[in-house]
Amino acid sequence: MSRRIRILPDAVANQIAAGEVVERPASVVKELVENALDAKARRVEVAVERGGKRRIRVSDDGVGMVREDAVICLDRHATSKIVQADDLRGVRTFGFRGEALPSIAAVSRLTLETFSDDDETGTVVSCSGGQINNVGDVARRRGTTVEVRNLFYNAPARSKFLKAVAAETRAVSEAVTQLALANPNVAFLLTSDDRTLLELEAATDAGVRIAQVWGDEAAGTLIGVYADDDGYEIRGLVQRPDEARAGVRRSFLAVNGRPFRASGLGQAAMRGYRTTIGEGIRPWTFLYLTVPDGEVDVNVHPAKAEVRFREEARVEALVEGAVRAAMEGEESGARFESDVVVPPLEVREPGDRGRPAPRRDSRGGEQQMALFAAGSPRAQEKPSGEAADGATSLTGKRPGPAVDAEAMRGARPRLWQVLDTYVFAETRDGVMIVDQHAAHERILFERLMEAYERGGQEGQRLLFPLTLRLTPPELRCVEDLSGLLERAGFEVESFGGDTVIVHAVPNPHRYFDAERAFREMVDELTNGSELVRSARNQHERIAMTFACKSAIKAGQRLSNSEMQELFDQLFATRMPHHDVHGRPTVVRLSGSELARKFGRS
């Protein structure tokens with residue numbers, strides 16, 4: 001019997017290997033642009049015809065190649081990036097395997113033109129199906145141009161799986177955009193069938209590059225994030241919660257200058273938004289990670305689209321913490337103004353490990369109090385009719401201390417209520433408007449979550465206990481959650497049948513309707529809601545529903561002392577700018593916006 005196992009011809013083997021690297025025209029564009037960036041290009045021009053099926057041309061002004069390198073670079077595993085396997089631990093270039101150019105050449109008609117300052121003349125190399133046809137001289141400026149025609153002409157089985165021209169063009173545009181975001185200091189031009197899709201001048205930082213791609217208005221919805229941990233560092237821009245919407249989510253990840261995909265890090269960023277956005281909202285995130293050499297493996301995916309971190313949990317925690325800290329800061333709050341401020345974000349080039357500028361504390365307290373006009377007569381003036389010491393407060397107790405006594409001294413804002421729903425305060429540069437119900441939700445939620453960590457909060461025993469009839473599902477829910485409800489301050493006893501007796505309830509404020517709040521909580525915990533589904537555990541679920549159903553309502557008139565206490569307690573929370581539904585608690589109206597509206601600007 002004749003043998004069945006045979007060695008494949010080189011041409012066939014190369015086409016098979018090319019399938020791992022070259023999936024579609026966008027893969028070709030990605031590999032060629034990465035080569036240009038590795039060559040220290042400061043301008044990269046990409047032109048495609050029919051989505052790249054007919055023609056792809058990538059030109060750069062990088063260092064170029066001498067003739068010997070131009071010829072050998074078309075051989076498989078020819079590379080200048082590494083010499084031995086250990087070099088992969090610290091590789092900072094996009095390419096390193098020596099597979100891209102030979103893989104592309106194996107399934108196309110390819111022409112390479114290049115000129116280096118180290119050579120006397122430029123070199124042109126042409127090949128078809130991986131076979132070199134000609135090597136000659138060419139007059140050109142320094143840099144490299146690679147033109148790919150008739151992709152998959154010799155692999156019809158691959159060609160028929162390509163998508164429509166519009167879909168392939170979108171994929172090319174996305175590939176160029178990702179690399180442009182990773183390299184804001186490089187200029188990019190992308191044209192499709194002589195139509196300009198992207199024209200990006202070299203930018204000073206990633207914030208400017210985002211504005212170039214999606215416009216100043218979109219970039220102006222972003223705020224900065226930063227965190228570091230013993231050599232691990234993250235810089236980035238994420239969207240303010242009030243500007244985030246459902247639908248398409250624009251996200252970007254880069255590690256040591258290399259764009260990559262990682263669903264786990266995307267989920268970590270979303271966890272950082274917890275309780276600041278509603279269900280289904282998809283904020284934009286642009287995150288740039290720097291990790292020490294050897295802590296990330298970039299050689300785990302044929303197209304180098306994925307990486308593996310040695311301490312993945314640590315990186316995810318860093319991402320979540322950085323986004324969470326940004327949500328605690330003043331910058332994450334909603335505002336009225338139409339001024340577009342594109343936040344700066346320096347992106348370092350590979351190998352740059354300089355220390356970042358000191359980061360501002362993102363907690364709301366001291367920052368927030370500094371907004372008010374200290375020393376001004378109006379700021380120090382006691383509002384008329386303010387309750388005297390000893391008067392009951394919003395919680396039914398004497399007002400507690402301000403969030404930061406030193407910061408507040410001589411700088412307590414003048415407060416007034418509008419429509420029995422909103423509390424206004426004058427700031428140094430405009431007006432702050434607080435939604436009293438949303439603000440109190442945030443206060444009650446964080447207070448109960450902190451109480452759970454201490455073992456729970458006490459309830460106030462009722463002189464006349466509440467006797468309530470519940471549906472069978474509601475009764476089961478109350479029985480299942482009885483321990484957590486008791487630690488929230490609700491003492492509930494089964495009275496047989498479908499009836500329970502509530503002996504004690506929390507005392508969140510003197511307007512609290514205990515029966516209404518308890519019934520609404522039980523209904524939502526039993527039947528579910530967007531709020532309940534967004535909670536990560538039962539503690540958070542109960543704290544959210546309690547805060548929502550127990551907070552002071554819109555339409556409730558407050559005394560001056562109650563407004564002041566609401567204000568103080570809000571800015572003593574970790575996340576004062578967001579309620580538990582993901583809605584803003586505070587909106588700012590700047591003096592410049594007021595001046596513009598009245599024609600004073």
Any luck finding a side-chain donor-acceptor pair between [X] and [Y] under 3.5 Å?
X    : Y    : answer
N560 : Q564 : no
E493 : H503 : yes
Q239 : T221 : yes

(message) Set out, in order, the CA-CA distance, both residues' side-chain angles and the distance that settles salt bridge (charged side-chain N to carboxylate O under 4.0 Å, His left out) for E593 and K597, then state yes or no.
(response) CA-CA 6 Å; E593 177 70 2; K597 293 297 185 184; 3.8 Å; yes
May I ask you to test the [X]-[Y] pair for a side-chain heavy-atom distance under 4.5 Å?
X    : Y    : answer
L287 : L265 : no
Y422 : D435 : yes
Q457 : L448 : yes
L570 : V586 : yes
V323 : T285 : no
D230 : Y232 : no
L475 : V500 : yes

(request) Sequence neighbours left out, what passes side chain to side chain contact (heavy atoms under 4.5 Å, CB included) with D513? Give chain and number order. (result)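 Partners of D513 by the side chain to side chain contact (heavy atoms under 4.5 Å, CB included) criterion, ordered by chain and then number, come out as E515, R516.
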(request) Could you check I552 against L558 for side chain to side chain contact (heavy atoms under 4.5 Å, CB included), going step by step and ending with a plain yes or no? (result) CA-CA 10 Å; I552 57 171; L558 303 179; 3.9 Å; yes
(message) Going by the rule side-chain hydrogen bond (donor to acceptor under 3.5 Å, both in side chains), which residues pair with D229 if we only count those two or more places apart in sequence or in a different chain?
(response)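 For D229 the side-chain hydrogen bond (donor to acceptor under 3.5 Å, both in side chains) partners, ignoring immediate neighbours, are R314.
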As an exercise, state the distance from [atom1] of [X] to [atom2] of [Y], rounded to the nearest 0.5 Å.
X    : Y    : atom1 : atom2 : value
T573 : I443 : OG1   : CD1   : 7.0 Å
W284 : F252 : CH2   : CZ    : 14.5 Å
I501 : F495 : CD1   : CZ    : 4.5 Å
Q556 : E562 : CD    : CD    : 7.5 Å
H578 : E441 : NE2   : CD    : 13.5 Å
E565 : H440 : CD    : NE2   : 8.0 Å

(request) Apply side chain to side chain contact (heavy atoms under 4.5 Å, CB included) to the pair V238 and M327, showing each step before the final yes or no. (result) CA-CA 10 Å; V238 299; M327 296 303 104; 4.0 Å; yes
(request) Could you give me the CA-CA distance, side-chain angles and deciding distance for D420 and R557, then say whether salt bridge (charged side-chain N to carboxylate O under 4.0 Å, His left out) is met? (result) CA-CA 5 Å; D420 291 341; R557 181 164 298 182; 3.3 Å; yes
(message) Run R574 and E446 through salt bridge (charged side-chain N to carboxylate O under 4.0 Å, His left out) and show every step you take.
(response) CA-CA 8 Å; R574 292 193 63 87; E446 292 198 10; over 6 Å; no
What's the shortest heavy-atom distance between [X] and [Y], and which atoms?
X    : Y    : value
V291 : V296 : CG2-CG1, 3.6 Å
G231 : P292 : O-CD, 3.5 Å
A246 : I281 : N-CD1, 3.8 Å
A334 : P584 : CB-CB, 3.7 Å
P283 : I277 : CD-CD1, 3.8 Å
E328 : M575 : CG-CG, 3.8 Å

(request) Give the intermediate values and the outcome of salt bridge (charged side-chain N to carboxylate O under 4.0 Å, His left out) for residues R271 and E316. (result) CA-CA 10 Å; R271 290 196 297 273; E316 289 185 5; 3.8 Å; yes
(message) Name the residue from E540, H581, R442 that meets the side chain to side chain donor-acceptor pair (under 3.5 Å) definition with T275.
(response) R442
Any donor-acceptor pair under 3.5 Å linking the side chain of [X] with the backbone of [Y]?
X    : Y    : answer
R324 : G272 : yes
T499 : G497 : no
T585 : P576 : yes
Y452 : L484 : yes
T545 : I542 : yes
S482 : E479 : yes
E524 : S529 : no

(message) Going by the rule salt bridge (charged side-chain N to carboxylate O under 4.0 Å, His left out), which residues pair with E458 if we only count those two or more places apart in sequence or in a different chain?
(response) none
(request) Would you sort out whether L466 and F518 count as a side chain to side chain contact (heavy atoms under 4.5 Å, CB included), showing the intermediate values? (result) CA-CA 10 Å; L466 301 174; F518 184 79; 5.7 Å; no
(message) Strictly below 4.0 Å, N to O, side chains only: are E474 and R519 in salt-bridge contact?
(response)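 Salt bridge: no.
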(message) Please determine whether side chain to side chain donor-acceptor pair (under 3.5 Å) holds for the pair E233 and Y226, giving the CA-CA distance in whole Å, both sets of side-chain angles, and the decisive distance to 0.1 Å.
(response) CA-CA 8 Å; E233 181 182 280; Y226 175 79; 3.2 Å; yes
